[in-house]
Amino acid sequence: MPPKAPIKVFSGTNTQYLAEKISLCAGRELGNVNVIRFSDGEFATAYEETVRGSHVFLIQSTFPPTDNLFELLMMIDAAKRASAYKIVAVMPYFGFARQDRKDQPRVSIGAKLVADLLSTAGVDRIITMDLHADQIQGFFNIPVDHLYASSIFVPHIRSLGLDNLVIASPDVGGTKRANTYSKFLETPMVICHKYRSKANVVDEMRIIGDVEGKNVVILDDMIDTAGTLTKAAEMMKEQGALSVRAFATHAILSGPAYERIEQSELTEVYVSDSIPLRKSSAKIKVLSVAQLFADTIEKVYNYQSISTQFVI
């Protein structure tokens with residue numbers, strides 16, 4: 001049997017904060033990548049150590065700007081050209097995932113384009129978490145390990161010790177996720193039905209279900225401008241909810257999101273550290289996914305099952 005390929009773990013520039021925690025949890029050192037930047041904005045990546053014959057894990061979330069995605073592509077290309085044995089892209093947040101279908105004429109399917117770019121660059125495997133749509137896994141012809149923040153969120157929801165708990169979905173698209181949580185936690189579920197005339201603008205919303213006298217936990221895969229979330233919390237309080245909390249995996253938090261959350265009826269908002277927070281907020285609490293990714297990297301490297309990573 002040939003000797004096992006050595007493991008090397010590297011980080012993209014803007015995911016260094018999480019990669020350091022992942023490497024600490026895994027008991028491994030991060031490798032050195034040099035990003036050379038030119039005055040016109042162009043950049044190049046170069047590994048400062050050999051990766052020949054190595055099992056290379058590249059940690060990079062692809063949140064805006066697109067430099068993060070392009071840096072990951074160039075790291076993959078550099079590793080391939082340096083004769084790495086296997087290249088695994090660890091993407092805690094998979095950007096452009098909201099563009100998963102052609103829902104109107106003459107639009108791009110950005111998630112499929114990103115999948116093609118990663119495959120063409122030479123990646124052998126993807127590890128990601130809470131994709132906006134599960135079917136994005138089918139855009140790849142390589143293995144995709146799709147992790148869920150439920151393994152972090154469920155124990156924390158239980159630790160809050162909330163009576164009369166109700167799980168809520170902020171939209172019809174998140175019903176499956178909320179239903180899974182409600183079954184696992186043995187609680188009722190409510191749904192927010194919303195109508196949008198354009199992206200990031202909620203024109204109308206209705207609550208389907210009873211929230212009176214309940215402690216509500218809203219579940220979502222991401223928070224962008226927080227318009228839907230804060231409007232849902234306001235309506236639930238108006239309909240008699242005792243408290244409203246939110247758990248969302250990816251804290252995009254663009255535009256007026258921070259101000260909306262601070263001024264909202266939300267008691268607390270829990271997010272993962274898949275995306276770095278731009279500023280602090282008294283209402284926003286961060287739960288780290290570093291141990292989850294560290295364990296998954298080790299299991300993938302050792303060809304072990306990762307099914308034990310899933311709570312629900």
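Side chains included, hydrogens not; waters and symmetry mates left out as well; all remaining heavy atoms used.
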Under 3.5 Å donor-acceptor, Ser54 side chain and Val56 backbone:
no
- Is a side-chain donor or acceptor of Thr62 paired with a backbone partner of Gly95 at a separation under 3.5 angstrom? yes
CD1 (Ile157) and CG (Leu219) are apart, to the nearest 0.5 Å, by 5.5 Å
With a 4.5 Å heavy-atom cut-off, do Val90 and Leu58 have their side chains touching? no
Next on the checklist: I'd like to know if Lys8 pairs up with Glu49 as an ion pair, taking the criterion as any Lys NZ or Arg NE/NH1/NH2 lying under 4.0 Å from an Asp or Glu carboxylate oxygen.
Outcome noted: yes
- Task: Flag yes if Leu277 and Ile261 sit in one hydrophobic cluster, no otherwise; membership is Ile, Leu, Val, Met, Phe, Trp, Tyr, and two members link when side-chain heavy atoms are under 4.5 Å apart.
- Result: yes
query = Under the 3.5 angstrom rule, does the side chain of Glu262 hit a backbone N or O of Ala257 as a donor-acceptor pair?
reply = no
So CG of Asp145 and CE of Met91: to nearest 0.5 Å the spacing works out to 13.5 Å
Using side-chain heavy atoms (C-beta onward) and a distance below 4.5 Å, is Arg177 in contact with Asp220? yes
| request: State, without any angle test, whether Ser288 and Asp273 hold a side-chain donor-acceptor pair at a distance under 3.5 Å. | output: yes
Q.
If hydrophobic clusters are built by linking Ile, Leu, Val, Met, Phe, Trp and Tyr wherever their side-chain heavy atoms come under 4.5 Å apart, do Val114 and Phe139 end up in the same one?
A. yes
Ser11-Glu20 side chain donor-acceptor pair, cut-off 3.5 Å:
no
side-chain contact (heavy atoms from CB on, under 4.5 Å) for Lys214 and Leu242? Distances and angles first, verdict last.
CA-CA 5 Å; Lys214 308 291 186 181; Leu242 296 178; over 6 Å; no
- Task: Kindly indicate whether the side chain of Gln263, heavy atoms from C-beta on, has any atom under 4.5 Å from the side chain of Thr230.
- Result: no
Checklist entry - Taking the six-membered ring for Trp, is the centroid-to-centroid distance between Phe57 and Phe10 below 6.0 Å? => result no
Legend entry - Residues Glu29, Ser23; criterion side-chain contact (heavy atoms from CB on, under 4.5 Å); working and verdict: CA-CA 6 Å; Glu29 290 187 8; Ser23 63; over 6 Å; no
| said: Run Leu292 and Leu147 through side-chain contact (heavy atoms from CB on, under 4.5 Å) and show every step you take. | reply: CA-CA 8 Å; Leu292 174 63; Leu147 307 180; 4.0 Å; yes
In one Ile/Leu/Val/Met/Phe/Trp/Tyr side-chain cluster, 4.5 Å: Tyr258, Ile252: no
Rounded to the nearest 0.5 Å, the NZ atom of Lys80 sits from the CD1 atom of Ile87 at a distance of 7.5 Å
| said: With heavy-atom distances below 4.5 Å as the criterion, would you say the side chains of Thr128 and His146 are in contact? | reply: yes
>> Applying salt bridge (Lys or Arg N to Asp or Glu O under 4.0 Å) to Arg98 and Asp224, what does each step give before you reach the verdict?
In response: CA-CA 11 Å; Arg98 284 173 284 188; Asp224 191 352; 2.8 Å; yes
query = Can you hop from Leu185 to Ile152 via hydrophobic side chains spaced under 4.5 Å?
reply = yes
Residue pairs meeting ring-ring contact (aromatic ring centres under 6.0 Å, His included), one or both in residues 11-37, sequence neighbours left out, come to none
Run Lys279 and Glu259 through salt bridge (Lys or Arg N to Asp or Glu O under 4.0 Å) and show every step you take.
CA-CA 11 Å; Lys279 58 184 180 181; Glu259 290 73 21; 2.9 Å; yes
Q.
Would you say the ring centers of Phe153 and Phe247 fall short of 6.0 Å from each other?
A. yes
Within the 4.5 Å heavy-atom criterion, are Ile109 and Arg101 side-chain neighbours or not?
no
dist Leu69:CG -> Ser61:OG (nearest 0.5 Å) comes out at 11.5 Å
Open item on the list: Within the 4.5 Å heavy-atom criterion, are Val271 and His250 side-chain neighbours or not?
Closed with: no
Review point. Quick one: do Asp116 and Lys112 make a salt bridge, cutoff under 4.0 Å?
Key: yes
Between the CG atom in Leu253 and the OG1 atom in Thr225, the distance rounded to the nearest 0.5 Å is 9.5 Å
Separation between CD1 (Ile207) and NZ (Lys231), nearest 0.5 Å, reads 9.5 Å
Original post:
Hey, are Arg81 and Asp77 close enough for a salt bridge, meaning a charged N less than 4.0 Å from a carboxylate O?
Top reply: yes
ask   = So do the side chains of Asn34 and Thr45 get within less than 4.5 Å of each other, counting heavy atoms only?
value = no
Residue pairs meeting side-chain hydrogen bond (donor to acceptor under 3.5 Å, both in side chains), one or both in residues 234-246, sequence neighbours left out, come to Asn215-Ser243, Ser243-Arg245, Arg245-Glu268
Let me check something: do Tyr93 and Tyr270 share a hydrophobic cluster, defined by ILVMFWY side-chain heavy atoms less than 4.5 Å apart, either directly or through other members?
no
(request) Would you indicate whether the side-chain heavy atoms of Leu72 and Val123 approach each other to under 4.5 Å? (result) no
Notebook entry, point to check: Can Phe94 and Leu118 be said to form a side-chain contact (heavy atoms from CB on, under 4.5 Å), step by step?
Noted result: CA-CA 11 Å; Phe94 186 97; Leu118 289 165; 4.1 Å; yes
